There are 4 protein chains.
Amino acid sequence: MDSKTKRHPNPERAEARRQQVLTAAADCFRRKGYHSASMAEISKTAGMSPGHIYNYFVSKDAIIEAIIEQQMVEMFEVFASLQARPGMLIDVMVDGASEGVCNKLDPALASLKLEMLAETARNEKIAGMLRCVDAQARQRFMAILQSERSLVKGEPESQLQARISVIFAMFDGLLIRQTLQPDLTSDAVMVALGPALRALLSPF
Amino acid sequence: MDSKTKRHPNPERAEARRQQVLTAAADCFRRKGYHSASMAEISKTAGMSPGHIYNYFVSKDAIIEAIIEQQMVEMFEVFASLQARPGMLIDVMVDGASEGVCNKLDPALASLKLEMLAETARNEKIAGMLRCVDAQARQRFMAILQSERSLVKGEPESQLQARISVIFAMFDGLLIRQTLQPDLTSDAVMVALGPALRALLSPF
Amino acid sequence: MDSKTKRHPNPERAEARRQQVLTAAADCFRRKGYHSASMAEISKTAGMSPGHIYNYFVSKDAIIEAIIEQQMVEMFEVFASLQARPGMLIDVMVDGASEGVCNKLDPALASLKLEMLAETARNEKIAGMLRCVDAQARQRFMAILQSERSLVKGEPESQLQARISVIFAMFDGLLIRQTLQPDLTSDAVMVALGPALRALLSPF
Amino acid sequence: MDSKTKRHPNPERAEARRQQVLTAAADCFRRKGYHSASMAEISKTAGMSPGHIYNYFVSKDAIIEAIIEQQMVEMFEVFASLQARPGMLIDVMVDGASEGVCNKLDPALASLKLEMLAETARNEKIAGMLRCVDAQARQRFMAILQSERSLVKGEPESQLQARISVIFAMFDGLLIRQTLQPDLTSDAVMVALGPALRALLSPF
DNA sequence: AATGAATGAGTGTTCATTCAT
DNA sequence: AATGAATGAACACTCATTCAT
């Protein structure tokens with residue numbers, strides 16, 4: 001990837017400029033969607049000329065790819081912190097779920113993520129990236145489910161994979177709920193999501 | 001509304017042509033996304049000149065709106081058949097879930113629905129339509145949860161609403177799972193989705 | 001011209017149909033202008049299918065050409081009636097002017113004529129027709145100015161031609177006045193047009 | 001209003017470019033008419049890409065509006081110079097008329113103005129602008145007719161308004177004469193226009 | 001490093017015209 | 001004689017991208 005973009009004599013300044021673009025672009029994609037957000041708008045939001053953006057990103061597509069990469073990093077941190085917390089998994093998860101729900105119900109994040117997911121159907125590169133990060137997330141979750149702290153550690157792997165898919169679906173589905181029920185609150189959801197999560201983390 | 005579309009002296013032929021367009025458009029939107037699918041491409045897929053499409057739809061937007069309307073009808077039929085089946089709700093639902101899962105995991109439908117959901121962020125009319133149909137679906141589901149056949153009929157309405165949001169999220173999330181785990185099968189999902197659904201349809 | 005249009009076994013019926021189209025087209029051109037009036041609209045106004053119009057006119061241009069031809073005929077009738085009325089020319093003209101003014105100030109006719117005049121710049125055939133009819137009108141007017149009943153019959157022809165050009169300009173200019181001063185009434189104009197006309201029909 | 005057109009850091013260059021477009025557009029409208037002159041053609045004439053024009057004008061309509069605005073400015077200058085010249089109005093006017101006649105008989109200007117007048121029937125904004133500038137011109141002319149230098153200063157206002165309408169009609173009508181009698185010269189017209197103008201500027 | 005002027009291919013849409021029926 | 005379904009070239013306009021400065 002490095003070879004695709006210009007060399008920048010002052011790497012710190014360059015990185016700051018790159019960040020400016022990413023932040024501005026995420027903001028625009030969120031508000032308008034990927035295709036309706038123009039480079040002109042992004043450049044204005046980033047406080048930079050349109051031409052200059054191309055010194056940091058080879059194309060508009062490269063921008064959304066970079067945003068996805070950033071989100072991958074953030075997500076891994078979430079998993080790491082999950083693993084770091086003490087106590088039985090089921091309690092840690094249910095306690096932590098509230099935060100995850102808030103995250104999925106944040107309208108700004110939700111529409112950006114839906115946008116990226118829709119892009120998956122058209123853009124093989126984005127599809128590949130999103131599938132890769134999702135596969136890694138499931139793998140990490142699997143490790144957690146098979147750890148000592150889990151109530152289901154002895155179950156067959158295929159069953160655990162099913163649990164993971166459904167848990168992920170439940171959380172991912174909140175992105176869609178946010179879009180269709182904009183008034184939905186995290187607390188309201190947790191009333192039912194907690195018990196469902198308990199069921200999915202206990203032996204059937 | 002009548003005045004917006006040309007009168008067609010031969011309604012059968014016209015309806016067939018309309019369907020041709022809808023089918024072709026759904027196909028293109030699925031493969032390319034709403035914005036990247038051009039009218040030229042849709043017209044070629046439909047075996048018709050670009051200009052002629054405008055005898056049946058006033059705009060590209062009107063096409064996706066018609067597709068959504070068709071899906072609304074289909075969805076209401078699903079609810080009707082759900083209500084028509086005898087037995088306790090929990091059994092009917094869990095038995096019927098498999099079919100619903102298959103539906104959500106159909107790659108063609110999944111990417112089209114995601115596309116429409118993403119469009120929600122840019123297009124207020126589409127947002128309105130999707131939210132309206134979703135609200136009706138939740139209302140119908142509420143009626144079912146409060147019927148005699150339900151194990152949770154006495155629970156407070158707010159709690160039932162939470163259950164509904166989570167159940168819907170779980171199913172909607174399968175659209176996203178399909179995109180990220182294209183190999184996911186309905187059977188594999190059902191292993192964990194069944195128990196989760198049982199939990200969500202029983203008193204906590 | 002006959003060879004350009006289909007033979008019609010029943011010429012009366014055909015002529016009636018042609019008239020229907022001309023009337024409808026004049027109406028549409030008036031309201032929308034030549035370029036903004038579509039064949040679809042004209043056909044609807046004429047109570048006839050778009051395709052059928054092409055049995056009577058080879059193109060949209062042919063329709064406006066036919067309208068111009070009709071107006072030529074009407075205009076010659078005006079000159080004939082002018083010559084037929086008894087009395088000194090100056091009185092006949094000033095008395096008859098009021099009617100001519102009304103005609104020029106009729107908003108329906110005014111916009112159609114302006115439309116045709118504008119078309120002159122783009123369409124050589126229309127330009128030719130309009131110039132031809134105007135030349136004939138000036139020639140007839142010249143004959144009147146040189147008749148016994150005229151106060152200026154002895155003046156040099158070039159001077160008479162100047163008078164004609166200015167008189168015609170004054171009337172033609174009312175088309176433009178109508179457009180720019182839609183409230184202008186025939187009576188109001190006559191207050192000043194009468195004296196000007198007297199000056200133009202008397203020795204300088 | 002500022003927000004409607006891009007900011008141009010180099011206003012001189014931008015103004016030059018704008019002028020290039022206006023000149024090219026006036027030329028194309030004149031030759032082809034407003035609707036038949038395509039943006040592609042205008043851009044080619046202006047030596048600029050079609051897209052770039054939209055950095056200076058928000059739409060094709062905005063171009064013709066700008067042309068009209070320019071002509072308004074020019075016309076006001078004519079009135080100002082008329083008021084500035086010394087002597088009795090009737091002499092000033094008749095002397096100055098020749099210039100006005102030349103202007104109206106310039107084929108390039110004539111067809112462009114007719115084009116704009118025809119557009120009036122379809123485009124309310126253009127109609128409004130042209131009527132506004134015409135109303136102002138008549139108002140200024142009224143002030144002149146009521147000044148000390150006028151032979152008709154004591155006449156009733158309604159009568160003066162009639163005079164103005166007829167004088168304006170006579171000049172406007174030259175636009176149409178130019179179209180129908182392309183060979184007409186300013187000198188030939190003045191032979192009769194002078195006396196008519198004298199009549200219109202003297203008590204009846 | 002940074003600008004923004006400039007490009008041109010591509011978009012959704014319209015409409016005069018044709019032709020099978 | 002008459003229909004209206006069907007065409008496709010043309011249009012105004014947008015926008016990712018390039019490049020001279």
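All chains are named by letter (A, B, ...) in the order of the sequence lines, taking the proteins before the strands, and each is independently numbered beginning at 1. Everything quoted here is computed from the prediction, not taken from an experiment.
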Once you round it to whole Å, what is the distance between [atom2] of [N] and [atom1] of [X]?
X: C:Asn55; N: F:dT3; atom1: CG; atom2: P; result: 10 Å
X: C:His35; N: F:dA10; atom1: NE2; atom2: P; result: 15 Å
X: C:Tyr34; N: E:dC15; atom1: OH; atom2: C1'; result: 12 Å
X: A:Phe57; N: F:dT18; atom1: CZ; atom2: P; result: 16 Å
X: B:Glu12; N: F:dA5; atom1: CD; atom2: C1'; result: 16 Å
X: D:Ile64; N: F:dA12; atom1: CD1; atom2: P; result: 12 Å
X: D:Gln20; N: E:dA6; atom1: CD; atom2: P; result: 8 Å
X: B:Ile53; N: E:dC15; atom1: CD1; atom2: C1'; result: 16 Å

Inset, instruction - Using heavy atoms to find the nearest nucleotide of DNA chain E for D:Arg13 and C:Lys60 separately, return the residue whose nucleotide is more 5′. - result: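 Of the two residues, D:Arg13 wins.
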Inset, instruction - Between C:Pro50 and D:Arg17, name the one whose nearest nucleotide on DNA chain E is closer to the 5' end. - result: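 That would be D:Arg17.
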May I ask you to verify if any side-chain N or O of [X] is less than 4.0 angstrom from the OP1 or OP2 atom of [N]?
X: A:Tyr56; N: E:dA2; value: yes
X: B:Tyr54; N: E:dT13; value: yes
X: D:His8; N: E:dA5; value: yes

Exercise: identify the closest heavy-atom pair between [X] and [Y]:
X: C:Thr179; Y: D:Leu117; result: CG2-O, 4.1 Å
X: C:Ala24; Y: C:Ile42; result: CB-O, 3.8 Å
X: A:Tyr56; Y: A:Arg18; result: O-NH1, 3.5 Å
X: A:Phe57; Y: A:Ala66; result: CE2-CB, 3.8 Å
X: D:Ala118; Y: C:Leu114; result: CB-O, 4.2 Å

Legend entry - Selection: residues 38-49 of chain C, any non-hydrogen atom under 4.0 Å of DNA chain E: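 C:Ser38, C:Met39, in order of number.
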Legend entry - Aromatic centroids of D:His35 and C:Tyr34 separated by under 6.0 Å: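 No, too far apart.
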Legend entry - Salt bridge present between A:Glu41 and A:Lys44 (N-O < 4.0 angstrom):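 No, no charged N to carboxylate O under 4.0 Å.
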Inset, instruction - Tell me which of B:His52 and D:Asp61 sits closer to the 5' end of DNA chain F, going by the nucleotide each one is nearest to. - result: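 Final value for this comparison: B:His52.
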Inset, instruction - Starting from the 5' end of DNA chain F, give me the residue, B:Asn10 or A:Gly51, whose nearest nucleotide shows up first. - result: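 Residue closer to the 5' terminus by nearest nucleotide: B:Asn10.
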Inset, instruction - With heavy atoms under 4.0 Å as the rule, sort B:Ala37 into base, sugar-phosphate or nothing. - result: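 Touches sugar-phosphate only.
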Inset, instruction - Report yes if the side chains of B:His52 and B:Val21 come closer than 4.5 Å at any heavy-atom pair, otherwise no. - result: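 The answer is no; the side chains never approach within 4.5 Å.
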Legend entry - Identity of whatever pairs with F:dA20 - Watson-Crick or G-U, under 3.5 angstrom: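 F:dA20 is paired, partner E:dT3.
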Legend entry - Nucleotide paired to E:dG10 in any strand shown, Watson-Crick or G-U, under 3.5 Å: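 Checking every strand shown, E:dG10 finds its partner in F:dC13, with both distances under 3.5 Å.
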